[in-house]
Amino acid sequence: MERRTFIELLGAGTLLVPPLACKLRGPIAAGPTNLNGIPTTCELCPNKCSLLAVVKEGRLAKLNPNPENPKSRAMLCARGNAAIQQVYDPDRLKQPLIRAGERGEGKWRPVSWDEAFDFAANKLKAVKEKHGPEGSLWSSTEGFQEVFFKNLGQAFGSPNVMRHPTLCLASMTLAYSTTFGTVPSFDLLNADYVIMAGANRFESIITPDTMDLIGGTMERKAKLIYLDPRFTVTASKADEWHPIKPGTDLAFILAMLNVILTEERHDKAFVETYTLGFEQLLEHVKPYTPAWAEKETEIPAADITRIARAFADAAPRAVFYAGRRSSWYTNDFQMRRAQAILNAVVGNWDREGGMVPNRKVAKGEFTFMPWDDPKASRVDEVEKAFPLANAKDGVYLPLRENVLKGTPYPVKAWMIYKQDPMHALPDQGKTLEMIQQMDFVGVVDIAMSDTAWYADVVFPESHYLERTDPIEVMPGIWPAAVYRQQAVKPLHDTKPMLDIAQGLAKRLGLSDYFDYTIEQWVEAEAKELPVPNGMEHMRKHGVVGFEKPKYGTTRNAVHRFVTKSGKIELFSERLQEAGHDPLPVYTAPAQPPANKFRLILGRKATITHAALTNLPWLHEHNRENDLWIHPEPAARLNIQTGDLLEVSSTAGTVKIKARVTPEIRPDCVFMLHGFGKKSAWLRRVHNVGAADSILLETAWDKVSGNAALHETFVKVGKA
Ligand SMILES: Nc1nc2c(c(=O)[nH]1)N[C@H]1C(S)=C(S)[C@@H](COP(=O)(O)OP(=O)(O)OC[C@H]3O[C@@H](n4cnc5c(=O)[nH]c(N)nc54)[C@H](O)[C@@H]3O)O[C@H]1N2
Ligand SMILES: Nc1nc2c(c(=O)[nH]1)N[C@H]1C(S)=C(S)[C@@H](COP(=O)(O)OP(=O)(O)OC[C@H]3O[C@@H](n4cnc5c(=O)[nH]c(N)nc54)[C@H](O)[C@@H]3O)O[C@H]1N2
Ligand code: SF4
Ligand SMILES: [Mo]
C-alpha cells in the first residue's frame, strides 16, 4: 500500500490531531458503539488500546479505534494501525526453527512443532539434571500471554523468572510506593499546571496521558513546563522548555521544595494530617537554594523560584508528572522520591487535577494446580542487594553480572518471551557473552529479533490479531479491563504462548499445571467483571471501563497508607534501615571529559523500543537513526549533517551518520533505539544505522537496581 493511502486510511484513528483530540476530552460514555469489527486489544506497546478489527473474506481490512475504552478513548496510534501489516509481513516467523550453523550465523532448519518441543525439552532437562532447575533463566516483557511463560518457568522449579521493570520504570514505582504505599496516576485532563521532566508524552505515548495533555494544554491552556536536554515534540508544545543539564533534575526539585517550604506555600493542613517527617524535610532542603540549583541545572534561579511559586499557587491542580522510563541515572530512585515528596507537600494527593490513587476493575482468577516454591534463591541475589526492590521481577543487570561470573551458581539455559535483550539491555557485547555461555537458548517471538538470531530454537508465536488472550486489568483514574480475541486464523504454522507452554510442559512432566484451555481461563476471569454476562460483554465490546473518576476516597482520617507508618512518608525509616538516604540527598552527576559527550536516549511516536523499525509503513518514517549533535561541538569537530561518524564508549564502537541540530544541548548526543540490527531477517534495518545498546555501559540505580542508561560518555569523531 502506498504511504498516502495508509495515512488517509488512518482517518479518525490518527493520533496527534489536536482538534479531534480536544473533542475527546473527558470520560467517554460507554454507550452503544458502531461495532463494525471484532473488538480486541493492541499489543504493539504497553498501552493496550482497544480496537475493532475489520475482517473481509478472512483477511484483515482495517483496524479502527474502539472509543469504549476510557483509557485509549478513540485513539489508535500509527503503530497500532500498522499492526495489520505485521500479520502479512513476509519477514515474520512462520514456523519453528532450529539453529543449523553457529550461533548468529543465520542458518536455520525449519522443523515441526514436535521436533522443536522435543529438542528444547531435552536441552532443558539436561540443564536441570546438571545444575538443578535454578540453572535456567526465564525472562520476559509484559504481554497478555506472559503469564503462561512465567508459570512454565516456575513450574519447572526455577527461582529465576526475570521481568523487564528494571529496564524501564522500577525506580519510579519504588519511589512512589515508598512514599505513598502505592503508585498513583496523574490527572492531566484537569490539571492547571504540569511539570514534565524528560517525559516526552507527545512521542512516548501513554494513554490517556498523551491525549489528556493535548486536551489540557491546547484547550484548557494549562501550563506545561518541560525539562529535557533535547527539544522534543513535547518541548515544542510546552509553554516553557528548559534544556536542563543532564542528571540534575533532583537539584531542580530540591530547590522547588526549598522555595515552597521556606515561603510556607505548602498545604499545611494536608501535611499535618497525612504526612510524616515534615520537620526533617524542612531542615533538609534549606541548603538547596535556587541559586545553588542554578549552578547544577543551568536553569536560572529566578525561573526555578517563579516555577516553584506558580506550582504551589496552582495546587492542588498542579502536578510534577512522574514519567515512565526511569532508567536514567544511578540516583534515579532519589530523584523520583523527591518528585513524590514535592507533589505530597502541595496537597495534590487524591484531588481532581492532581495525583490520584489508581482504581482497578475487578476480574476473576482461574485456579490451577500450584507448584512448590523453588529451593534455590535467585541468581541476581535481589533480596540481599536490593531489599526494597520487587524480588519477583528481579534486577536485570546485576543478574547478567552474576550469570557471567557464574555466581552464586551457574545458569546455563535461557528461555526468552517477547523480549529482545540484545537491544533492551545496555552493553550488547556482554549480553552476547551471556548468550554464548549458555548451553541452551530458546526464544518465543513473532519476528527474528537480534536475540532470536542467536538462539538455538525459535518458537514463532501467533500474532495478537490471531490469538485469544487472557483479560488484562489496567489500573488508573479511568481504569479498564480489556480482552483480546482472535480476529483472523493464524496465517502460518504458529502457536499462542499457552500452546507452546503446554507443548513443553508435556515433555517436561509438568502437564498437570497447564490442564486448561484459554477459553476456560478467560471465562473464569470474565465471571467476576462488574458487568452482567461478563464473557458475552467482552466478546461484544472488548472492554469494561469506568466512566467517571473518583476523587478523595483516601482523604479521610481513617485511611491508612500502605507504608510503615500508615502516613505519606516524606522521611522514610524503611530507607534508613536499608542503609539509604531517608530524604533525597543530591550528588552531582559525573561530567563527561572535554572530548566526550553524554549519550541520552528517548523515543519516537512511530517506533516501539527496538522493534517495529522493519515494518514498511513505519520504516518509511524511520529509515535510519542518526546522532544528534549540537552545532557548537560539531563545528569544533568539523562535523556536518550526513557525515559518517565513529562513536565509541568503553563498551563498544559504532558508525552512524551525523545530524547537526540546535535541538540538543552541546554536552550530550542522542540517537534513536531500534537500528543497527544483526538479524538479516530484519532486512530494512539490518546493518542500517547503529544500535545504542552497543555503546551503553552497565550501571544501575543504587536503591531499585534499575538500569541507568544515561551514564555513558562517548567519544565522537568522523569515521
Ligand atoms: N538502549 C535502550 N534500551 C532500553 C530502552 C531504551 O529506550 N533504549 N528502553 C527500556 C524500556 S523502557 C523498556 S520497557 C524495554 C523494552 O524491552 P523489550 O521488551 O525487549 O522491547 P522490544 O524492543 O519492544 O522487544 C520486544 C520483542 O517482542 C517481540 N514481540 C512483539 N509482539 C510479540 C508477541 O505478540 N509475542 C511474542 N512472543 N513476541 C512479540 C518483538 O518482535 C521484539 O523482539 O527496553 C529498555 N531498554
Ligand atoms: N512511541 C512510543 N511510545 C512509547 C514507547 C515506545 O517505545 N514508543 N514505550 C513505552 C514505554 S515502555 C515507556 S517506559 C515510555 C517511556 O516514556 P518516557 O518516560 O517519556 O521516556 P523516554 O521517551 O525514553 O524519554 C526520556 C526523555 O528524557 C530526556 N532526558 C535525558 N536525560 C535527561 C535528564 O537528565 N533530565 C531530563 N529532564 N530529561 C532527560 C530524553 O532526551 C528523552 O526525551 O514510553 C511508552 N510509550
Ligand atoms: S499506543 Fe499505539 S501501539 Fe500502543 S497500544 Fe495504543 S495503539 Fe497500540
Ligand atoms: Mo518501558
Side-chain angles (χ1 to χ4, degrees), residues 104 167-168 198 229-230 246-247 325 327-330 332 396-397 400-401 404 420-435 449-451 453-454 589-604 607 609-611 613 622 624-630 633-634 637 639 643-661 664-679 682 685-701 706-719:
L167 303 171
C168 175
R230 279 192 312 138
R325 183 176 66 83
S327 52
W328 289 4
Y329 302 98
T330 52
D332 273 333
Y396 220 136
L397 296 185
R400 187 179 62 184
E401 295 296 305
L404 286 174
D420 186 8
M422 283 283 285
H423 286 265
L425 273 63
D427 201 338
Q428 197 180 83
K430 272 195 182 175
T431 307
L432 202 48
E433 225 181 287
M434 175 164 154
I435 290 176
S449 69
D450 275 8
T451 305
W453 193 244
Y454 284 88
Q591 287 308 310
N595 58 346
K596 288 197 177 176
F597 302 84
R598 183 185 297 278
L599 176 61
I600 58 169
L601 314 172
R603 295 179 174 15
K604 190 172 167 181
I607 304 175
H609 305 136
T613 40
N622 314 295
E624 186 171 347
N625 62 347
D626 47 23
L627 193 81
W628 295 28
I629 182 165
H630 188 272
L637 295 164
I639 290 170
D643 285 351
L644 190 67
L645 306 176
E646 186 171 277
V647 183
S648 53
S649 70
T650 64
T653 299
V654 301
K655 290 203 167 68
I656 183 169
K657 286 184 191 147
R659 176 200 296 216
V660 179
T661 170
I664 185 159
R665 286 172 54 98
D667 53 1
C668 42
V669 289
F670 168 81
M671 66 198 280
L672 278 173
H673 194 41
F675 293 86
K677 298 286 175 122
K678 292 186 160 42
S679 164
L682 303 173
V685 281
H686 172 55
N687 288 336
V688 173
D692 51 357
S693 61
I694 292 178
L695 292 170
L696 295 170
E697 295 164 3
T698 304
W700 56 75
D701 169 63
N706 207 43
L709 300 179
H710 297 192
E711 294 280 16
T712 301
F713 301 143
V714 293
K715 195 166 171 222
V716 179
K718 277 201 196 175

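In this structure, the side chains of R665 and H630 stay at 4.5 Å or more apart for every pair of heavy atoms. Considering only heavy atoms from C-beta on, T330 stays 4.5 Å or farther from D701 through its side chain. Side-chain contact between H686 and W453: absent, with no pair of heavy atoms (C-beta onward) separated by less than 4.5 Å. Using a 4.5 Å heavy-atom cutoff, the side chains of I607 and H673 are not in contact. Side-chain contact between P229 and F670: absent, with no pair of heavy atoms (C-beta onward) separated by less than 4.5 Å. Taking 4.5 Å as the limit, some side-chain heavy atom of P589 sits within range of a side-chain heavy atom of R598. Looking only at side-chain heavy atoms (C-beta outward), V647 and M671 stay at 4.5 Å or farther from each other.
For the atom pair CD1 (I629) and CG (L637), the distance works out to 5.5 Å, reported to the nearest 0.5 Å. Taking NZ of K604 as the reference point, atom CG of N622 lies at 4.0 Å (rounded to 0.5 Å). Note: M434 CE to E401 CD = 10.5 Å, rounded to the nearest 0.5 Å. The CG atom of L709 sits 6.0 Å away from atom CG of L601, with the distance rounded to the nearest 0.5 Å. The CZ atom of R325 sits 5.5 Å away from atom CZ of R603, with the distance rounded to the nearest 0.5 Å. Distance CG/L432 to CG/D427: 10.5 Å, rounded to 0.5 Å.
Residue L696 comes nearest to P426 through the heavy atom pair CB-CB, 3.5 Å, listed as atom of the first residue, atom of the second, then distance. In terms of heavy atoms, Q428 sits closest to A691 at NE2-CB, 4.2 Å. Minimum interatomic distance between D332 and A707 (heavy atoms only, all atoms of both residues): OD2-O, 4.3 Å. Taking all atoms of both residues into account, the shortest heavy-atom contact from D626 to A658 is CB-C, 4.5 Å. Residue F713 comes nearest to S649 through the heavy atom pair O-CB, 3.8 Å, listed as atom of the first residue, atom of the second, then distance. Here the shortest heavy-atom pairing between A708 and Y329 reads CB-C, 3.4 Å.
Judged by distance alone, the side chain of W628 and the main-chain N or O of R659 form no donor-acceptor pair under 3.5 Å. No donor-acceptor pair closer than 3.5 Å links the side chain of D450 to the backbone N or O of M422. Side-chain atoms of S449 do not come within 3.5 Å of backbone N or O of D420 as any donor-acceptor pair. Here the side chain of N625 pairs a donor or acceptor atom with the backbone of L672 at under 3.5 angstrom. In this structure, the side chain of T712 engages the main chain of E697 through a donor-acceptor pair within 3.5 Å.
Between C668 and the options P633, P246, P592, a side chain to side chain contact (heavy atoms under 4.5 Å, CB included) holds for only P246. A salt bridge (Lys or Arg N to Asp or Glu O under 4.0 Å) with E624 holds for exactly one of K655, K657, K677; it is K657.
Open room surrounds NZ on K715; 12 or fewer heavy atoms of other groups in view lie less than 6.0 Å from it.
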* Just do the side-chain contact (heavy atoms from CB on, under 4.5 Å) check on T431 and R400 with the steps written out, would you? => CA-CA 8 Å; T431 307; R400 187 179 62 184; 2.8 Å; yes
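Ring planes of H710 and W328: parallel class, angle under 30° (limits at 30 and 60°).
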